[in-house]
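Accompanying notes for the structure given below.
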Amino acid sequence: MTQVNPRSTSTNLRHDWSLQEIEALLQKPFNDLLFEAHTLHRQFHAANEVQISSLLSIKTGACPEDCGYCSQSARHNTEIEKERLLPLDEVIEKAKIAKSNGSSRFCMGAAWRNPTDKNLDKVIEMISAVKKVGMQTCVTLGMLTDAQSQRLKDAGLDYYNHNLDTSPEFYGNVITTRTFQDRLDTLQHVRDKGINVCSGGILGMGENATDRASMLQQLANMPQHPESVPINMLVQIKGTPLFGGDGIDNIEFIRSIAAARILMPESQVRLSAGRHEMSDEMQAMCFFAGANSIFYGDKLLTTENCETNDDLVLFARLGIKPSEVEHDLVKAEACHS
Ligand code: SAM
Ligand code: DTB
Ligand code: SF4
């Protein structure tokens with residue numbers, strides 16, 4: 001495996017970024033911004049490795065929340081097939097396929113505001129089974145209590161995904177049924193229990209550059225950076241309130257990836273939803289700017305992702321290799337030892 005340069009200790013990381021500093025970063029001449037991001041990227045990560053995760057929607061649709069981007073809200077009139085919680089054997093089957101395709105992490109998502117304790121019993125069975133398949137586990141189930149986070153930790157969960165989605169200032173334009181603070185509270189419970197945090201957001205929802213800076217500030221100024229930072233480009237879904245917006249300019253998107261890399265140098269920055277609409281060249285620029293993780297597999301939760309074969313061809317053209325799971329696990333353990 002490629003040698004990673006010795007990584008700085010967490011004490012070198014900053015958690016006191018001002019909004020003005022981040023806005024200035026986003027406005028730098030493009031080449032200067034990318035050079036800075038890529039230089040840092042090489043100090044902290046293997047330059048030609050990308051971590052790959054697979055997603056599975058374990059419970060689809062009929063969600064009581066009103067997230068303006070989401071196909072799964074019961075409040076929007078979208079064309080999705082609702083599904084109850086999947087049976088365990090189906091989840092195991094999908095995890096085995098993902099592993100044989102080369103994925104190192106299996107992320108299971110449920111369209112809940114929050115899980116009930118009974119729901120959690122079932123999800124915990126899934127986590128144990130996926131671990132037995134030999135994959136890292138991640139779940140995204142909505143808001144969690146402190147006690148529920150402990151149960152997930154005891155089950156051996158590796159990562160919990162809960163996105164901030166956008167800036168605190170723009171948040172009310174997107175979601176009204178839970179607050180920005182609710183999200184921070186869930187992330188705090190997860191962090192307190194020693195589960196790796198996966199948290200990022202969505203770009204292209206009509207927010208401006210200050211909102212993007214503000215969202216990144218929220219993530220970067222957490223006392224400990226999220227280990228994984230998914231940056232999604234809005235997938236516009238017919239029937240959702242955010243359908244038909246202008247989206248985000250590709251250069252602005254790449255700038256945000258570069259800023260995330262600079263602000264959170266140790267984290268894995270995931271080029272998440274939206275890759276299906278991106279050219280190979282756009283994805284290549286995102287990898288150069290510091291993205292080093294993707295969702296791999298034909299489907300995200302309810303929408304299309306890139307064909308796995310197209311990803312393999314792109315990786316080969318770029319000389320990128322999937323990062324090995326051991327490499328990741330060592331990092332995850334090191335964070336909490
Ligand atoms: N229901 C749980 C929750 O909201 O926390 C878990 C699943 S939810 C679908 C996970 C994340 O996927 C959202 O927070 C959002 O950031 C992202 N997401 C959902 N729909 C999206 C879309 N249309 N485009 C981009 N990202 C999306
Ligand atoms: C994340 O940040 N993006 C993923 C995962 N975490 C759960 C979800 C993307 C969903 C895209 C729209 C869909 O497929 O429904
Ligand atoms: Fe429900 Fe999650 Fe979709 Fe919001 S993002 S509507 S909470 S499934």
Min side-chain heavy-atom separation [X]-[Y] under 4.5 Å:
X      : Y      : value
Asn196 : Val190 : no
Met108 : Thr140 : no
Val229 : Gln268 : no
Met285 : Ile257 : no
Met282 : Met233 : yes
Val123 : Val139 : yes
Ser214 : Phe170 : no
Leu318 : Asn48  : no

With a cut-off of 6.0 Å (strictly less than), are more than 12 heavy atoms of other residues, nucleotides or ligands near [atom1] of [X]?
X      : atom1 : result
Asn77  : CG    : no
Phe35  : CZ    : no
Asp246 : CG    : no

Straight-line distance of [X] [atom1] to [Y] [atom2], nearest 0.5 Å:
X      : Y      : atom1 : atom2 : result
Asn163 : Cys198 : CG    : SG    : 6.5 Å
Ile52  : Ser293 : CD1   : OG    : 9.5 Å
Leu56  : Thr60  : CG    : OG1   : 8.0 Å
Lys122 : Leu120 : NZ    : CG    : 12.5 Å
Asn232 : Arg270 : CG    : CZ    : 9.0 Å
Met215 : Ser167 : CE    : OG    : 8.5 Å

Going by atom types only, do Asn221 and His15 share a side-chain donor-acceptor pair under 3.5 Å?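 There is no such pair (donor and acceptor under 3.5 Å, judged by atom type) between the side chains of Asn221 and His15.
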Would you tell me whether Asn119 and Thr116 have side-chain atoms, one donor and one acceptor, within less than 3.5 Å of each other?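 The answer is yes; a qualifying pair exists.
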Stepwise salt bridge (Lys or Arg N to Asp or Glu O under 4.0 Å) test for Asp121 and Arg151: CA-CA 9 Å; Asp121 293 340; Arg151 290 190 63 202; 2.5 Å; yes
Under the side-chain contact (heavy atoms from CB on, under 4.5 Å) test, which residues partner [X], sequence neighbours left out?
X      : answer
Ser100 : none
Asp185 : Gln181
Ala147 : Thr145
Glu93  : none

Main chain of [Y], side chain of [X]: is a donor-acceptor contact present, judged purely on distance under 3.5 Å?
X      : Y      : value
Asp146 : His189 : no
Ser256 : Glu252 : yes
His38  : Phe287 : no
Asp182 : Thr179 : yes
Lys59  : Ala111 : yes
His41  : Pro265 : no
Ser267 : Pro226 : yes

Over-ring placement of Arg105 relative to Tyr159, 6.0 Å and 45° cut-offs: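 Ring-cation test returns yes.
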Under 3.5 Å donor-acceptor pairs involving side-chain atoms of residues 236-244, not counting sequence neighbours:
{"residue": "Gln236", "atom": "OE1", "partner": "Gly244", "partner atom": "N", "Å": "2.7"}
{"residue": "Gln236", "atom": "NE2", "partner": "Gly245", "partner atom": "O", "Å": "3.1"}
{"residue": "Thr240", "atom": "OG1", "partner": "Ile237", "partner atom": "O", "Å": "2.5"}

Taking all heavy atoms of Pro230 and all of Ser272, pick out the closest pair and write down the distance.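 Residues Pro230 and Ser272, closest heavy atoms: CB-OG, 3.1 Å.
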Exercise: identify the closest heavy-atom pair between His162 and Arg178: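 Here His162 and Arg178 meet closest at CE1-NH1, 3.9 Å.
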Charged N to carboxylate O under 4.0 angstrom, [X] versus [Y]?
X      : Y      : answer
Glu207 : Arg212 : yes
Arg113 : Glu65  : yes
Glu36  : Lys28  : yes

Under the criterion salt bridge (Lys or Arg N to Asp or Glu O under 4.0 Å), I'd like the reasoning laid out for Arg261 against Glu266: C-alpha separation, chi angles, the key distance, then a yes or no. CA-CA 8 Å; Arg261 168 52 64 228; Glu266 278 190 335; over 6 Å; no
Can you run down the salt bridge (Lys or Arg N to Asp or Glu O under 4.0 Å) pairs that involve residues 276-289, sequence neighbours left out, and say none if there aren't any?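 Qualifying pairs, neighbours excluded: Asp280-Arg317.
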Can you list everything that forms a salt bridge (Lys or Arg N to Asp or Glu O under 4.0 Å) with Arg275? Sequence neighbours excluded, please.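 Per chain and number, Arg275 pairs via salt bridge (Lys or Arg N to Asp or Glu O under 4.0 Å) with Asp311.
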Which residues pass the ring pair (Phe, Tyr, Trp, His ring centres under 6.0 Å) test with [X], not counting sequence neighbours?
X      : result
Phe315 : none
His76  : none
Tyr171 : Phe180

Please set out all donor-acceptor pairs under 3.5 angstrom arising from side-chain atoms of residues 124-135, sequence neighbours excluded.
{"residue": "Ser128", "atom": "OG", "partner": "Ile124", "partner atom": "O", "Å": "3.1"}
{"residue": "Lys131", "atom": "NZ", "partner": "Gly156", "partner atom": "O", "Å": "2.8"}

Clusters formed by hydrophobic residues whose side-chain heavy atoms approach within less than 4.5 Å: which one holds Phe295, and what are its other members?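 Noted: Phe295 shares its cluster with Leu55, Leu300, Leu301.
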